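Residue numbers start from 1 in every chain, and the chains themselves are labelled A, B, ... in the order their sequence lines are given, proteins ahead of strands. If you're wondering where the values come from, they're calculated on a predicted model, not measured in any experiment.
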2 protein chains.
Amino acid sequence: MPTTGTGSRPGDPPGRTPAGTAAATPAGRARLNRDIVLRAAVDLADTAGIDAVSMRSLAAGLGVVPMALYKHVANKDELLDGMVEAVVGEIEPARRDEDWKASLRRQVLSARRALLRHPWAPAVIESRPAPTPRVLDHLDSVLATLRSGGLSVPLAHHAMHALGSRVWGFTQEVFPSAPPPEDPAQRAQLVAAMAARWPNIVESAAGAGHDATSTVGAGCDDQAEFEFALDLLLDGIERRHREGWTPAS
Amino acid sequence: MPTTGTGSRPGDPPGRTPAGTAAATPAGRARLNRDIVLRAAVDLADTAGIDAVSMRSLAAGLGVVPMALYKHVANKDELLDGMVEAVVGEIEPARRDEDWKASLRRQVLSARRALLRHPWAPAVIESRPAPTPRVLDHLDSVLATLRSGGLSVPLAHHAMHALGSRVWGFTQEVFPSAPPPEDPAQRAQLVAAMAARWPNIVESAAGAGHDATSTVGAGCDDQAEFEFALDLLLDGIERRHREGWTPAS
DNA sequence: ACCTTCAGGTGTACGGCGTACACCACGTCC
DNA sequence: GGACGTGGTGTACGCCGTACACCTGAAGGT
């Protein structure tokens, strides 16, 4: 039995479950936990589409009454967030044995494969008001790769946005749109906490015109980002044209 | 009668409303029509968010019972399609007095402005199973611009996809995912009908490996499209890096 | 002037959704 | 043995989209 890695809680009791079997209910069904619920939700979305993922039908598939799910996820939004986390967790992390371009390519294509395995995921990711931790992990990994190639902070930042729409769709903001705490000390603490896990994101935010300690969450200059990516594409298209590009096949 | 006679007052005598204005109901409310409904839906989405657009609240805002809306739109999906049409209709069409790159840039930025005015629109556009006519209009216009610059059909097609994610988000398929008719004659007629309005789209589909008369709707080689755009971006980023790019500001 | 027609608006009702709240069945620990 | 916490249950509420039958008033034919 695989250790339910993501679900381990501080209060995990030294669970005396006899003979290694999970405790069973009167009906003989294995006990639910958050991981089982999320996995079932992802499977249901994969096979029946995201619209089929209702608390009621998900519960039915697990042989349980709808309200039972609320013991494991706070509400449906948290369920969706958990599903996103599961999918994003499938993306390969950066490697260290490749140059930045190859590594980046691998990460983006890995992300694409993950999203193709779960076609409902892009829409769900975009519909979430704030990015989940693993989404930030991935973003940070991509930024780290760019920085490792010697790109400046602003260029890495722009490149991130340019690539973003390839990976995440129409994502415009990676930082939570919720306003940061008013109290400067509290805000600094928040930034520090983020920097511990996502150093490149914080660096990028700080270097792109928004002072991380004062305006995190203010968003960056979208228009400049957009035009950078647009001109990148236009220039590239023109270049391909000049070079007499023809389809590979 | 496109004149929306919104001026009727409750005190208006029933019977002959003056000078061709729309008839008023007993309550003095102007009669609904499809345009009024769609416009109200867009306004509601703009001001209260797309989640606030329910048939019930939309009807309430119009001073009407929910079921009254169904006399003007078949169902909620059609309402959403109509809202998309309204937004996409705001995009500036191509000009003829600019070179292809400038024209393209203008069109894309115009599309972006339209979508920024209606932030709910990208998600709705992507959620629709098939593109609406005006979406196809816009796509065709972009393709025409690329072709007018002398780009080959396949290159224009690839460029379209590369740019697509900038404008439409994660759009992967522009052709309806619904299977085309079985009967070859019927299919040929469908293609001909499409070619009349969207010649560049049909040309592009035909030139990109899928024979328009036999496999319209089969989709194109997504992976190749994706990698083309990805490498465009990667090469462009590398080039900016080599050139010592710094932010404009 | 009468009658028909019909587009537009109403009222009622149904099934599905997310979920608040009270409750109960356990296994665990003092 | 009793208190307690965890996980599952049952009921109920207020939203949602929309099917269906109905009404109403103006338009048009005769």
Side-chain angles (χ1 to χ4, degrees), chain A residues 4 7-19 21-37 40-41 44 48-83 127, chain B residues 1 4-5 8 12-18 20-37 40-41 44 48-83 127:
Chain A
T4 63
S8 121
R9 287 290 189 283
D12 261 349
R16 305 266 325 119
T17 46
T21 68
T25 67
R29 201 202 53 250
R31 274 172 86 109
L32 258 42
N33 61 42
R34 191 181 156 92
D35 260 24
I36 292 176
V37 170
L44 182 55
I50 191 66
D51 286 344
V53 179
S54 70
M55 298 302 273
R56 294 172 127 96
S57 63
L58 178 56
L62 289 165
V64 126
V65 101
M67 287 311 293
L69 301 180
Y70 288 85
K71 291 290 200 268
H72 307 282
V73 294
N75 49 48
K76 188 166 182 184
D77 278 350
E78 201 189 280
L79 177 77
L80 292 174
D81 276 340
M83 294 170 69
S127 76
Chain B
M1 336 313 173
T4 55
S8 305
D12 276 338
R16 299 286 312 123
T17 48
T21 63
T25 67
R29 203 203 52 250
R31 276 171 84 110
L32 259 42
N33 62 42
R34 191 183 158 91
D35 258 24
I36 292 175
V37 170
L44 181 55
I50 190 67
D51 286 344
V53 179
S54 70
M55 298 303 274
R56 292 172 129 95
S57 62
L58 178 57
L62 288 165
V64 126
V65 102
M67 287 310 293
L69 302 180
Y70 288 85
K71 290 290 200 275
H72 306 282
V73 294
N75 50 47
K76 186 163 183 186
D77 277 351
E78 202 189 280
L79 177 77
L80 292 174
D81 276 340
M83 294 170 71
S127 75

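- Summarising the geometry, atom NZ belonging to B:Lys71 is positioned 11.5 Å from atom CZ belonging to B:Arg31; distances are rounded to the nearest 0.5 Å.
- Axis deviation across the helix from C:dA1-D:dT30 to C:dC30-D:dG1 amounts to 10°, comparing end segments of five pairs, rounded to 10 degrees.
- Counting only heavy atoms from C-beta outward, the side chains of B:Met55 and B:Val73 approach each other to under 4.5 Å.
- For the pair B:Leu79 CG and D:dT18 P, the interatomic distance rounds to 10 Å; values are reported in whole Å.
- Applying the 3.5 Å distance criterion, the base of C:dG16 shares no donor-acceptor pair with the side chain of A:Arg56.
- For the pair A:Ile50/A:Leu80, a side-chain contact is recorded, criterion being any heavy-atom separation below 4.5 Å from C-beta on.
- Computed from coordinates, the B:Lys76 NZ to C:dG16 P distance equals 19 Å when rounded to whole Å.
- Straight-line distance from the OH atom of B:Tyr70 to the P atom of D:dG17: 6 Å, rounded to whole Å.
- Rounded to the nearest 0.5 angstrom, B:Arg56 CZ and B:Met67 CE are separated by 10.0 Å.
- The distance between atom CD1 of A:Ile36 and atom P of D:dG7, rounded to the nearest whole Å, is 11 Å.
- A heavy atom lying under 4.0 Å from DNA chain C marks the following residues of residues 58-66 of chain B, by number: B:Val64, B:Val65.
- If you check every strand for non-hydrogen atoms under 4.0 Å, B:Lys71 touches a base.
- If you measure from atom CZ of B:Arg34 to atom P of C:dG8, you get 13 Å, rounded to the nearest angstrom.
- If you measure from atom CE of B:Met67 to atom P of D:dT18, you get 9 Å, rounded to the nearest angstrom.
- A:Glu78 and A:Arg34 make their closest contact through OE2-NH1, 2.6 Å (heavy atoms, listed as atom of the first residue, atom of the second, distance).
- In this structure, A:Met55 places its CE atom 15 Å from C1' of D:dT9, rounding to the nearest Å.
- With a 4.5 Å cut-off on side-chain heavy atoms, A:Leu69 and A:Leu79 do not count as touching.
- For the atom pair CE of A:Met83 and NZ of A:Lys76, the computed distance is 8.5 Å after rounding to the nearest 0.5 Å.
- Contact check, A:His72 against D:dT6: no side-chain N or O comes under 4.0 Å of OP1 or OP2.
- If you take CD1 on A:Ile36 and CG on A:Leu62, they are separated by 8.0 Å, rounding to the nearest 0.5 Å.
- Between B:Arg31 atom CZ and C:dC6 atom C1' the separation is 10 Å, expressed in whole Å.
- Looking at every heavy atom in both residues, B:Leu44 comes nearest to B:Ser57 through CD2-OG, 4.0 Å.
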